[in-house]
Amino acid sequence: MEGKYQPDRIEQKWQRLWEKNKSFQATEASPLPKYYLLEMFPYPSGKIHMGHVRNYSIGDVIARYKRMRGYNVLHPMGWDAFGLPAENAAIERGIHPAKWILENVTNMRQQLKRMGFSYDWAREFATCDEAYYRWEQLFFIKMFKRGLAYKKLSTVNWCDKCQTVLANEQVEGGHCWRCEQEVGVREINQWFFRITAYAEELLQECDRLPGWPERVLTMQRNWIGKSFGAEIQFPFVDREGKLTVFTTRQDTIYGATFASLAVEHPLALELSQGTSQETRVREFVERIKKINQARRGTDELEKEGLFTGSYCINPFTQEKIPIYLANFVLMEYGTGVVMGVPAHDQRDFEFARKYGLPIRVVIQPDGKMLDGERMTEAYLDEGVMASSGPFTGLPSEAGRGKVVAYLEEKGWGKQSISYRLRDWGISRQRYWGTPIPILYCDSCGSVPVPEEELPVVLPKNVELTGEGSSPLARLPEFFKAKCPKCGGPARRDTDTMDTFVESSWYFARYASPDEDRAPFDKPRVDYWLPVDQYVGGIEHAVLHLLYARFFTKALRDMGWLELSEPFTNLLTQGMVIKDGAKMSKSKGNVVDPDFLIERYGADTSRLFSLFAAPPEKDLDWSDQGVEGANRFLNRLWRFVFQHRDALLHSTSDPSKTELPPELKELRRQIHRTIKKVTDDIEGRYHFNTAIASVMELYNALSLVARDELVQEEAGALVKNGLETIVVLLYPFVPHMASELWENLGHQEGLERVRWPEYSAEALQEEELLIVVQVDGRVRGRITVPADAGEKFIEEMALADPKVGDFIRGKDIRRVVQVPRRLVNIVLGS
RNA sequence: GCGAGAGUGGCGGAAUGGCAGACGCACUAGACUUAGGAUCUAGCGGGCAACCGUGGGGGUUCGAAUCCCCCCUCUCGCACCA
């Protein structure tokens, strides 16, 4: 393989060899410590994009590095194959989603192999495999039996034209992302996973994930949204019962001058019955309900409400206050009822102004007296409780605790905690997904499919038109069934599960993908889990990563897993940007990895995506940057072949020889580079600086080689340096490194070579360069023996002629020394 | 609005309290060459200089890109959460 660097030839050569030797197949029978590395699996949408190249290059560096460090590494790959895009593509092209997915998988698998990623392909699976989703159906049934899966009527985004529920992400500006029809709302029966049952644990364990980026943890904490407050009961006037509100500001209770309900609240209509407001309330509820939730949030919707005709009593003031309906009150949060405190809540303030309700100041800020009549906006901050009966004069923060204690004593309410997190709606009125294994019987209700009858196979013989309901609902041989309980006629659920369900447990399946009697082979799953390092895009910071955490806990409680958290360490890589925007087809700024590989090879593509930016930052695409990466590999290639003969013949041990100073420095740099690259990979995944330091070593080496290769000891050292470069580069550019390694006379493949250790002895410096500052400005540099004492260094510094110019005739107030680095001479004023 | 992150040469970025700009790109000059968009060599923040330079202003420190306070700009997430 001499002569020109031809990536195509060498890359395929090594890829074939690795495949033949099964170099990356993981086994559980190993004395080495295990290391499970996982990158988020791709959606097989056609071909890989630069985001994949980046994601999987990052992962592959870690995988190969960890193997060299003596770990038993599991590094699997699979396909997130169910979901809307496949179904839509199938409708557009008139081919079955299964076929489309299979073609894409075949193509993308080939592309990933062409990149030289070190996956254990023996563990590959797709989530649309019956052998995979059958276990998901089992989980569903177990969750149903535990009350973790339940069905309820709920309000969803609904597209009339597509006849399906749309997730919030699929609603763009109030319109369907597919057909641009205005999205409406609909109440339908849907299955939910009770993720809220784990809200507290999910929140608590955020504190026990030190290997996760703070940013992601913050997003998860915010998403869960725990609030401390109180539930307070307001007895009705003229009727039985009480209205329960949730508030975090019970210290403002004396300022509550009205109450407001969400229009979805069960009492909304009831409260107006028999009052003069009855008709108007009915109209109002109908009208507000029609505005879909996405729109209700995004638009700056004006506060609007309507009096129900009923009153309740503020238990603290004993005052009769009106009950309103309000368009800004959410049924999903708290109790769906809010106490209106206009002086201390901006929404209530606007509402009160509009409907002429009293604004009563009950929190006074320091050094000011607010007046409800003259306020222009609500006062939200802390202060001192005012006009608040026995609580008057208390700081508002302390007041909250006192009010709760009082509430509980009087039996008017209790301390309460509310979460923003809502249960996970998983029903999709779509074909391409895991069928929900439930039957409906007129006399027995919702009945799970008996476990021994699983899987409920997704039928293939369907016609996809994109019109009307799911094809499953039009397939009697699918939905017609017998009730397992009473034997009577039953109807199968024709919805499928959200695809996020599949990705919530796939990482566990890789441990034993061949297990066909259970979802997991316990010994193997216990051996491999948790994932030691997970790598993926920041866009999954909440959804996927939260669902996967939830699922792990649920599977633990059902006895399948032993662990509580699936991913010990998380690395979220940034996006690939070109011309100031994320690469996307719609923006027309994509770079096709195929083109890159064809033109420069896999190693260059990998090297560029790793060198251009640290992993967690966005990567700015640059054609010249790719050229630069390619040039470096070419230089290295040429260097090796230019000097190969000389190098092969230099046999002396560079560590044994007494070297001249400049070669000693080179040796030091070799070991410094080993340390730097190791620290950069190990400690912080800064591959860009790791690569930079290897480049520096190469530069130093080529400088020495130019002048001194003739000498025997220099030759040995250059060879040692070059081999170090090749080994250090292996995780980044495995093909090139392997090829050079072989050409340097090594029989054993690099995938079996151990990572080099640096020698502390070699790092020892005999002389140190000390920077001399005067009043914090660099004025000179001195070279001193490494073991020089402070006093000696100070004398040398003061004696330096350049320094002398600045201190002559001045008072020296003090001299500060930083060992081994710097002296700062501080002059008197 | 709330929360998080970021702001350093012409560009990507390096330096996490101690020589700002490592490494790479672009650029300039030279060498080799029929040729060079290949390769090699040298230079490359601004300023003639003293000096000035890490979004702006203040502070802590012998010393600040780095720590603290205020402000500005950008990116991302959440967004009527009571």
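In what follows, every chain begins at residue 1, and chains take the letters A, B, ... in the order their sequences are listed. As the structure is a prediction and not an experimental result, all values here were calculated from the model.
Nucleotide B:U16: unpaired (no Watson-Crick or G-U wobble partner with both distances less than 3.5 Å).
Within the 4.0 Å cut-off from OP1 or OP2 of B:C52, at least one side-chain nitrogen or oxygen of A:Arg777 is found. Within the 4.0 Å cut-off from OP1 or OP2 of B:A82, at least one side-chain nitrogen or oxygen of A:Ser227 is found. Regarding contacts with the backbone of B:C62, a side-chain N or O of A:Arg814 is found under 4.0 angstrom from either OP1 or OP2. Note on A:Arg631: every side-chain N or O is 4.0 Å or more away from OP1 and OP2 of B:C40. Using a 4.0 Å cut-off, no side-chain N or O of A:Asn688 falls inside it from OP1 or OP2 of B:A22. For B:C81, the OP1/OP2 oxygens have a side-chain nitrogen or oxygen of A:Arg347 closer than 4.0 Å. Side-chain N/O atoms of A:Arg638 include one lying less than 4.0 angstrom from OP1 or OP2 on B:C40.
The separation of B:G10 from B:G53, taken at their P atoms, amounts to 16 Å, rounded to a whole angstrom. Comparing B:G24 with B:U39, their P atoms sit 13 Å apart, to the nearest whole Å. For the C1' atoms, the distance linking B:A20 with B:U66 amounts to 11 Å, nearest Å. For the C1' atoms, the distance linking B:A64 with B:C69 amounts to 15 Å, nearest Å. Rounded to whole Å, the separation between the P atoms of B:G30 and B:A14 comes to 35 Å. Rounded to the nearest Å, the gap between the P atom of B:C11 and that of B:U54 is 15 Å.
Residue A:Asn699 is classed as a sugar-phosphate contact, given heavy-atom separations below 4.0 Å to backbone atoms only. Residue A:Val771 is classed as a base contact, given a heavy-atom separation below 4.0 Å to a base. Across all strands shown, A:Arg779 has heavy atoms under 4.0 Å from sugar-phosphate atoms exclusively, and none from any base. Residue contacts shown for A:Val826 are limited to sugar-phosphate atoms, with no base heavy atom under 4.0 Å away. Nucleic acid contact class of A:Asn634 (heavy atoms, under 4.0 Å, all strands): none.
Taking 4.0 Å as the cut-off between side-chain N and carboxylate O, A:Lys354 and A:Glu302 count as a salt-bridged pair.
Taking atom CH2 of residue A:Trp621 and atom P of nucleotide B:G12, one finds them 16 Å apart after rounding to whole Å.
Side chain of A:Asn688 to main chain of A:Phe611: no donor-acceptor pair is present (N/O by atom type, distance under 3.5 Å, no hydrogens or angles). Side-chain N or O atoms of A:Gln233 include none that pairs as donor or acceptor with a backbone N or O of A:Gly413 at under 3.5 Å.
Within 6.0 Å of CZ in A:Arg287 there are more than 12 heavy atoms belonging to other residues, nucleotides or ligands.
The A:Thr218 side chain lies nearest to B:A4 when the options are B:A22, B:C19, B:A4. Residue A:Arg684 places its side chain closer to B:A15 than to any other of B:A15, B:A82, B:C78.
Ring centroids of A:Tyr698 and A:Phe639 are separated by less than 6.0 Å, placing the two rings close together.
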